[in-house]
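A note on names: the letters A, B, ... follow the listed sequences, proteins ahead of strands, and every chain is numbered from 1.
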There are 2 protein chains.
Amino acid sequence: MSRCAMIQNTRRTQRGEPALSRERIISAAIDLLDTSGESGLTFRALAAQLATGAGAIYFHISDKGDLLGAACDSIVVQALATADTHAAPQERLRAIGLALFDAIDAHPWVGAALSDAPGTMPTVRILESVGQQVQALGVPDDALWAATSALLSYILGVAGQNAANARLGQARNIVREDFLHQLANQWGQLDAAAFPFTRAVAAQLPLHDDRADFLAGIDLILVGITARRSG
Amino acid sequence: MSRCAMIQNTRRTQRGEPALSRERIISAAIDLLDTSGESGLTFRALAAQLATGAGAIYFHISDKGDLLGAACDSIVVQALATADTHAAPQERLRAIGLALFDAIDAHPWVGAALSDAPGTMPTVRILESVGQQVQALGVPDDALWAATSALLSYILGVAGQNAANARLGQARNIVREDFLHQLANQWGQLDAAAFPFTRAVAAQLPLHDDRADFLAGIDLILVGITARRSG
DNA sequence: ACCTGAACACCGTTCAAGT
DNA sequence: ACCTGAACACCGTTCAAGT
């Protein structure tokens, strides 16, 4: 460490004012996203919370996409660490799915962020975790990609829907249950001839446990994967 | 028709200038979205294309969400009409999936729009089409929702990823193949100990046929659904 | 090297004023 | 009834000027 940096560091520590850093910015961004939603993350609001100027942030972050990606990655890393058990592949895949489901439930903006930057770290981490377990399941090499990408697409699909639901609920400032009741009402008023299935399913809609539904979908795909293996 | 409206209508027809209408606005919005992407849809650009003022649009459309939803619905209706064959349920479900895949490939913004407003018409139409065929497949009532929502989530998940890929490619102004090669390169440079699966799959990435992968995922879920049924 | 904050080039949306 | 277009309250990003 250079003498200059030491002095500056000491001075800042004495004053109790740590220097602006990438980590501090990302952490403040997560706070802002959790409390005010995606639309609450603004360079001006972020600067205010960090007691600095809006332009200062650009010294540590390249742009808003970078910021959102880093915030998302931070949550995904935490979630996947939770699922890092020593269970069998099937159980492990369920744990990965649930860990991500719960993380997105707690931080809805993560669901949208995952779809925003395909192929970047957060998605790659999920791909890796899922792929390793699918491989451990004994799926042959030529079916590995189809099985893994199906699971990944399903997980990201549920993530996106959950995020949208949460965003809508937040925008209208209503709780999940009220939102589902409103939706059930709308669906119930659709044309009976054109939408029989939707109407039939509308009544049960508010009673569904999204988490259980999500797990049922994972299980369905796993049945498909293992049925193929032994077929 | 009132005398006033008749006169106005006649005058406009004679001048070859049809009045601004919801349909004309939505059609212009689709053009704009197809040619300039999601960021190209602006009330100012839309007004310019329609040779009117920005505020005039609000007389026929409530806000940007309404506009995007209506544009999305228009494409989904067309796509689902294509898949309305007389084939068996399994084949019909594949046709629905492929019709949506192709529509989103042609109009990438539809993928994002589908995730934006959960429970609204475009998604409900897909839910209905899929649900009817799952029912026709002979799935028992208590498994109907799990099977249908799994298929729906998977379809929406792939839609979102495809949309993001297209958006990224458009932003960087590169073709799909170049994008996948860049991604394969990045993935190949990941840490070998932490990302063995991703590294192994990176090389094959640019060779994959997304459309075939999508269909393989549908088949996997269908295997899971029918295995359950007879289990 | 790092930070400040005014300025720039945009947005969606509103609304008095027109026809 | 329908349209106009300036105005309002925002954005992300840049950049001269400071320390």
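- At whole-Å resolution of the value, CG in L67(A) and C1' in dT13(D) are 14 Å apart.
- W145(B) contributes atom CH2, which lies 11.5 Å from atom CG of L207(A) (distance to the nearest 0.5 angstrom).
- Ion pairing between a basic and an acidic side chain is recognised when a charged N comes within 4.0 Å of a carboxylate O; R172(A) and D178(A) show no such pairing.
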For nucleotides 14-19 of chain C, give me one character per nucleotide, 5' to 3': B if any protein heavy atom sits under 4.0 Å from the base, S if the only such contacts are to the sugar-phosphate, - if neither.
BB----
Using Watson-Crick and G-U wobble pairs with both distances under 3.5 Å, what is the 5'-to-3' dot-bracket string of DNA chain D, with [ ] for crossing pairs and | for pairs outside the strand?
||.|||||...|||||.||
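- Summarising the geometry, the separation between CD1 on I61(A) and C1' on dC3(C) is reported as 15 Å, rounded to the nearest angstrom.
- Of the candidate nucleotides dT13(D), dC3(C), dC3(D), dT13(D) has the atom nearest to the side chain of K64(A).
- Identified under the side-chain hydrogen bond (donor to acceptor under 3.5 Å, both in side chains) test for residues 118-127 of chain B, with sequence neighbours left out: D73(B)-R125(B).
- Rounded to whole angstrom, the span from the CZ atom of F59(B) across to the P atom of dA1(D) amounts to 7 Å.
- Atoms CG and CZ, from N162(B) and R167(B) in turn, are 11.5 Å apart once rounded to the nearest 0.5 Å.
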Passes salt bridge (Lys or Arg N to Asp or Glu O under 4.0 Å), D66(A) versus R22(A)? Steps please.
CA-CA 11 Å; D66(A) 180 27; R22(A) 188 174 165 87; 3.1 Å; yes
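- Summarising the geometry, atom CZ belonging to F101(B) is positioned 9.5 Å from atom CG belonging to L215(B); distances are rounded to the nearest 0.5 Å.
- One finds a side-chain N or O of H60(A) lying less than 4.0 angstrom from the OP1 or OP2 phosphate oxygen of dC3(C).
- A heavy-atom distance below 4.0 Å to DNA chain D is reached by none of the residues of residues 107-121 of chain B.
- Summarising the geometry, atom CG belonging to L41(B) is positioned 5.0 Å from atom NZ belonging to K64(B); distances are rounded to the nearest 0.5 Å.
- Taking a 4.0 Å limit (strictly below) on heavy-atom distances, residues 38-48 of chain B reaches DNA chain C at L41(B), T42(B), F43(B), R44(B).
- Under a cut-off of 6.0 angstrom, the local environment of CD in E177(A) is sparse, with at most 12 non-hydrogen atoms contributed by other residues, nucleotides or ligands.
- Partners of S21(B) under the side-chain hydrogen bond (donor to acceptor under 3.5 Å, both in side chains) rule, at least two apart in sequence or in another chain, do not exist in this structure.
- Rounded to the nearest 0.5 Å, atoms CD1 (I30(B)) and CG (L67(B)) are 9.0 Å apart.
- Q186(B) and Q182(B) are not linked by any side-chain donor-acceptor pair at a separation below 3.5 angstrom, with hydrogens and angles left out of the test.
- In this entry the distance linking CD1 of I25(A) with P of dC2(C) reads 12 Å, nearest Å.
- With the nearest nucleotide of DNA chain D identified for both I57(B) and G65(A), I57(B) has the one nearer the 5' end.
- Going from atom CG of L32(B) over to atom CD1 of I25(B) covers 12.5 Å, rounded to the nearest 0.5 Å.
- Here the P atom of nucleotide dG12(C) and the CG atom of L32(B) are 11 Å apart, to the nearest Å.
- A heavy-atom distance below 4.5 Å is not found between the side chains of Q161(A) and I104(A).
- Taking atom CG of D63(A) as the reference point, atom C1' of dG12(D) lies 9 Å away to the nearest angstrom.
- Within the 4.5 Å cutoff, the side chain of W187(B) has heavy atoms near those of the L205(B) side chain.
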